[in-house]
Amino acid sequence: MSMNMDLIKHGNDAELKLDGYIDATNAPEVEKILLDVASKFDNLTLDMEKLEYVSSAGLRTFKLVYMELHRKSGVLFAKNTGKSVMEVLEVTGFTRLFKFI
Amino acid sequence: MENLIVTAEVKNLDAVTDFVLQRPEIAACPKNTQLQLRLAVEEVFVNIASYAYDPAIGPAEVRCEVLDDPLRVVIQFLDHGKPFDPLAREDADTSEEALMERIGGLGILLVKETMDEVSYSYEEGKNILTILKKL
């Protein structure tokens with residue numbers, strides 16, 4: 001499944017616009033990119049406006065990104081989270097990983 | 001009932017989700033319903049692909065039927081791998097303490113939460129997981 005990402009830098013913080021789907025077929029690739037960004041910045045904002053879908057494979061990715069940021073006291077922010085993605089985060093308790101802005 | 005047989009590998013996920021979502025009655029549903037069906041299909045199929053025959057590879061059959069009164073879709077997943085009832089486990093712990101340690105069970109939790117009925121049986125050497133969602 002497809003996934004596009006745009007990276008915006010604000011000094012030591014980064015914002016990534018996620019677009020499309022995160023599922024079992026592309027989660028490893030998405031994970032690599034997100035972890036690379038998380039390793040280079042203090043805080044990371046995920047703009048989920050155009051993220052339509054995330055499965056448990058994507059939740060694992062979010063968890064690893066959270067851990068990478070948390071390790072250095074960084075924060076994982078989320079904004080514009082849509083209904084379908086929010087439902088998945090809520091059912092699984094994964095809303096706790098994010099600060100919603 | 002229409003069916004699709006593929007080898008149970010993650011690379012066949014798109015073929016399986018397309019098989020279900022391209023049904024006209026489902027394509028006509030609200031987007032959120034389609035995404036919930038996509039999610040349930042992915043979680044069940046990926047579980048089969050990951051565990052049923054591990055470390056070997058085997059087939060998975062997906063059957064899909066839309067029924068009337070009330071309008072609903074019934075999807076069955078069949079494999080002849082190790083007998084495994086994913087519904088027999090306790091629901092995944094979603095507490096804060098468990099969040100960082102948990103290694104599984106989230107997929108089936110999502111299936112239970114988004115579908116109206118989920119059932120498992122083991123018949124003639126096959127795991128059969130059936131999900132039902134009202135449309």
Side-chain angles (χ1 to χ4, degrees), chain A residues 1-3 18-32 35 38 48-76 78 81-100, chain B residues 6-18 20-21 29-52 60 86 89-115 118 133:
Chain A
M1 264 300 155
S2 64
M3 159 61 59
L18 304 180
D19 184 345
Y21 291 66
I22 307 178
D23 67 13
T25 65
N26 70 358
E29 182 196 339
V30 173
E31 190 169 299
K32 223 166 113 183
L35 281 175
M48 308 223 201
E49 184 178 10
K50 291 183 175 166
L51 182 67
E52 281 198 78
Y53 172 91
V54 60
S55 68
S56 64
L59 294 179
R60 179 179 178 277
T61 298
F62 289 155
K63 180 158 119 179
L64 293 173
V65 171
Y66 169 85
M67 290 169 87
E68 170 65 22
L69 291 165
H70 190 68
R71 195 174 57 77
K72 51 189 184 188
S73 302
V75 178
L76 179 59
T81 313
K83 185 180 170 189
S84 297
V85 171
M86 189 57 99
E87 182 180 21
V88 170
L89 296 178
E90 282 174 348
V91 165
T92 55
F94 272 56
T95 43
R96 294 189 185 90
L97 297 183
F98 297 93
K99 269 205 166 64
F100 292 89
Chain B
V6 294
T7 52
E9 294 177 274
V10 170
K11 67 176 185 183
N12 288 324
L13 175 61
D14 286 353
V16 172
T17 48
D18 286 351
V20 173
L21 295 176
C29 286
K31 187 78 182 179
N32 200 50
T33 305
Q34 294 181 35
L35 290 171
Q36 287 179 331
L37 282 166
R38 173 182 287 274
L39 182 65
V41 168
E42 172 177 340
E43 299 299 350
V44 174
F45 181 72
V46 169
N47 258 342
I48 295 170
S50 304
Y51 304 117
R89 293 175 56 162
E90 263 184 56
D91 278 351
D93 185 347
T94 56
S95 70
E96 188 161 7
E97 304 76 55
L99 189 61
M100 288 305 133
E101 287 160 27
R102 182 174 44 214
I103 46 165
L106 288 179
I108 197 68
L109 177 67
L110 287 166
V111 175
K112 285 184 188 171
E113 289 290 328
T114 53
M115 297 295 108
V118 186
K133 186 164 180 67

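Because the structure is predicted, anything quoted here is derived from the model rather than measured. Excluded from the calculations below are hydrogen atoms, water molecules and symmetry mates; all remaining heavy atoms, backbone and side chain alike, are included.
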Enquirer: To the nearest 0.5 Å, tell me how far B:T17 OG1 sits from B:L39 CG.
Expert: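 Those atoms lie 11.5 Å apart.
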Enquirer: Among A:E52, A:M67, A:R96, which residue has the highest count of heavy-atom pairs closer than 4.5 Å to chain B?
Expert: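 Highest number of pairs under 4.5 Å: A:R96.
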Enquirer: Considering only NZ, NE, NH1 and NH2 on the basic side and carboxylate oxygens on the acidic side, decide whether A:E68 and A:R71 come within less than 4.0 Å.
Expert: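 Yes, this pair counts.
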Enquirer: Quick check on the interface: out of B:L13, B:L35, B:L109, B:V10, who has the most heavy-atom pairs with chain A under 4.5 Å?
Expert: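 Sorted descending by pairs with chain A, the first entry is B:L35.
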Enquirer: Going by heavy atoms in the side chains, are A:L76 and A:K99 under 4.5 Å from each other?
Expert: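 Heavy-atom side-chain distance check fails, nothing below 4.5 Å.
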Enquirer: Rounded to the nearest 0.5 Å, how far does CG of A:L59 lie from OH of A:Y66?
Expert: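 A:Y66 OH to A:L59 CG: 15.0 Å, rounded to 0.5 Å.
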Enquirer: For A:E87, is it the side chain, the backbone, both or neither that has a heavy atom under 4.5 Å from a heavy atom of chain B?
Expert: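 Looking at A:E87, just its side chain touches chain B.
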Enquirer: With a 4.5 angstrom heavy-atom cut-off, is it the side chain or the backbone of B:V46 that approaches chain A, or both, or neither?
Expert: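 Only the side chain of B:V46 comes within 4.5 Å of chain A.
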Enquirer: What residue, out of B:Q36, B:E113, B:K11, B:E43, has the most heavy-atom pairs lying under 4.5 Å from chain A?
Expert: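 Going by pairs under 4.5 Å, I would pick B:E43.
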Enquirer: Identify, with sequence neighbours excluded, every residue that meets side chain to side chain donor-acceptor pair (under 3.5 Å) alongside B:E42.
Expert: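 Listed in chain order: A:Y53, A:S55.
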Enquirer: Measure B:T114 against the heavy atoms of chain A and call it side chain, backbone, both or neither at under 4.5 Å.
Expert: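 Interface part for B:T114: side chain.
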